[in-house]
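Notes follow once the structure below has been shown.
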Amino acid sequence: MRTDKPRDPVAGPDAGPEAPFPIRLSGPVIKGFGRGSKDLGIPTANIPADDLDNHPDLKTGVYFGVVALAPIQSGENGENSESGNGNTSGTNAHDTILPAVLSIGYNPFYKNTVRSVEIHVMPPTTQPSPTAATQSQPTFHRLPDFYGTKLNLLILGYIRPEFDYVSMEALIEDIRVDCEVARLSLLRAGYLRYLVDDGEGLEGVDADREWLVRF
Ligand SMILES: Cc1cc2nc3c(=O)[nH]c(=O)nc-3n(C[C@H](O)[C@H](O)[C@H](O)COP(=O)(O)O)c2cc1C
Ligand SMILES: Nc1ncnc2c1ncn2[C@@H]1O[C@H](COP(=O)(O)OP(=O)(O)O)[C@@H](O)[C@H]1O
Ligand SMILES: [Mg+2]
């Protein structure tokens with residue numbers, strides 16, 4: 001169970017990801033238990049946990065990183081189904097590397113028996129955070145549904161273990177703080193370079209950014 005200890009505002013070393021990070025996971029977005037949006041108001045894109053077999057030492061918990069979504073396929077007549085997809089964020093998620101916060105594990109609050117990998121995609125860091133404590137009514141980022149789309153995820157750091165909670169409100173509040181920790185963590189130069197090309201030409205970073213948008 002979570003204690004009332006104040007949370008650290010950032011996670012991971014300031015200089016940038018430290019081994020075993022960055023970790024690459026990818027897969028098609030699959031159906032979960034349908035709780036993220038319905039119960040919590042926090043959509044999470046679930047991907048198969050199979051890739052975790054390559055990382056047997058990776059513990060369950062909450063992590064931050066960056067994601068990219070495969071481009072939307074053109075329709076039968078060659079038209080792009082992008083138009084009218086209801087994306088109100090002002091950016092095309094399918095063109096962009098976006099910040100993310102994720103949980104890997106058994107969701108102790110719900111007592112799942114299978115391990116899941118669930119990613120909450122956040123708005124670009126250039127936009128105001130919808131989950132900031134200063135918002136009168138914090139809300140979680142929502143895109144048009146993208147089930148079946150291939151998603152590439154680069155995990156850059158560990159935030160905390162998974163907990164059980166006394167109430168759903170307490171779980172939601174902790175996930176809200178996770179979003180803020182992820183955002184502030186990614187705004188440091190050593191992490192921001194995964195979201196935005198900093199022109200430094202760092203070999204590992206460039207290779208990871210290229211991998212992210214290769215589908
Ligand atoms: C950043 C983040 C942190 C989470 N932390 C916890 C946690 O500590 N304990 C828990 O039981 N579930 C946690 N969850 C998982 C939620 O309970 C989960 O997203 C919800 O059950 C939705 O599942 P679904 O995708 O199967 O619908 C977390 C999810 C996210 C995105
Ligand atoms: N910001 C977002 N992050 C992740 N998924 C999102 C987001 N906005 C919309 N979605 C969509 O919502 C779905 C997840 O909703 P959720 O309620 O967690 O259902 P499920 O239990 O099927 O995973 C994702 O698969 C995706 O299609
Ligand atoms: Mg989900």
Side-chain angles (χ1 to χ4, degrees), residues 1-5 7-8 11-12 17 20-70 93 98-123 129-131 138-183 185-186 212:
M1 194 72 71
R2 138 96 50 231
T3 63
D4 285 337
K5 220 170 119 239
R7 305 261 319 255
D8 287 335
F21 307 108
I23 288 176
R24 298 175 179 185
L25 299 182
S26 58
V29 175
I30 55 174
K31 283 269 176 198
F33 291 99
R35 298 170 182 143
S37 311
K38 210 147 68 64
D39 287 7
L40 306 177
I42 311 170
T44 57
N46 298 39
I47 59 169
D50 312 0
D51 274 7
L52 291 176
D53 295 346
N54 301 325
H55 305 279
D57 296 332
L58 196 68
K59 53 188 176 193
T60 60
V62 178
Y63 294 83
F64 68 95
V66 296
V67 293
L69 297 173
L98 288 168
V101 67
L102 65 138
S103 119
I104 297 180
Y106 299 89
N107 300 355
F109 183 73
Y110 289 105
K111 304 185 173 42
N112 291 354
T113 52
V114 287
R115 188 167 56 165
S116 62
V117 178
E118 306 181 18
I119 301 138
H120 176 63
V121 181
M122 302 195 299
S129 169
T131 46
T139 50
F140 291 86
H141 191 50
R142 166 118 240 155
L143 295 157
D145 278 354
F146 49 90
Y147 285 110
T149 303
K150 190 175 173 213
L151 178 154
N152 288 340
L153 164 73
L154 196 62
I155 308 179
L156 298 175
Y158 173 79
I159 300 182
R160 64 171 175 91
E162 287 194 300
F163 294 113
D164 194 356
Y165 289 86
V166 289
S167 66
M168 199 187 291
E169 289 69 31
L171 169 62
I172 294 169
E173 172 58 14
D174 237 11
I175 299 178
R176 184 193 69 72
V177 176
D178 292 329
C179 293
E180 294 306 292
V181 171
R183 187 170 188 274
S185 297
L186 288 165
L212 270 167

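The model shown is predicted, which means the values in this text are computed figures rather than measured ones.
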Can you tell me how far the [atom1] atom of [X] sits from the [atom2] atom of [Y], to the nearest 0.5 Å?
| X | Y | atom1 | atom2 | result |
| --- | --- | --- | --- | --- |
| Leu153 | Ile119 | CG | CD1 | 4.5 Å |
| Glu162 | Phe109 | CD | CZ | 12.5 Å |
| Leu151 | Leu69 | CG | CG | 5.0 Å |
| Ile155 | Leu25 | CD1 | CG | 4.5 Å |
| Phe64 | Cys179 | CZ | SG | 13.0 Å |
| Ser185 | Leu156 | OG | CG | 10.0 Å |

Flag the pair [X] / [Y] as yes when at least one side-chain heavy-atom distance between them is below 4.5 Å, and no otherwise.
| X | Y | answer |
| --- | --- | --- |
| Phe140 | Ile172 | yes |
| Arg24 | Asn152 | no |
| Lys111 | Tyr106 | no |
| Asp8 | Val181 | no |

Notebook entry, point to check: Under 4.0 Å between a Lys/Arg side-chain N and an Asp/Glu carboxylate O for Asp174 and Arg7?
Noted result: yes
Check: For Pro43, does its backbone N or O pair with a side-chain atom of His120 as donor and acceptor, under 3.5 Å?
Finding: yes
Item checked: side-chain hydrogen bond (donor to acceptor under 3.5 Å, both in side chains) contacts touching residues 34-52 (sequence neighbours left out) -> Arg35-Asn112, Ser37-Arg142, Asp39-Tyr110, Thr44-Asn46, Thr44-Glu118
Next item on the list: May I have the step-by-step check of side chain to side chain contact (heavy atoms under 4.5 Å, CB included) for Leu98 and His141, ending in yes or no?
Entry: CA-CA 12 Å; Leu98 288 168; His141 191 50; 5.7 Å; no
Checklist line | side-chain hydrogen bond (donor to acceptor under 3.5 Å, both in side chains) partners of Thr131, counting only residues at least two apart | finding: Ser129, Glu180
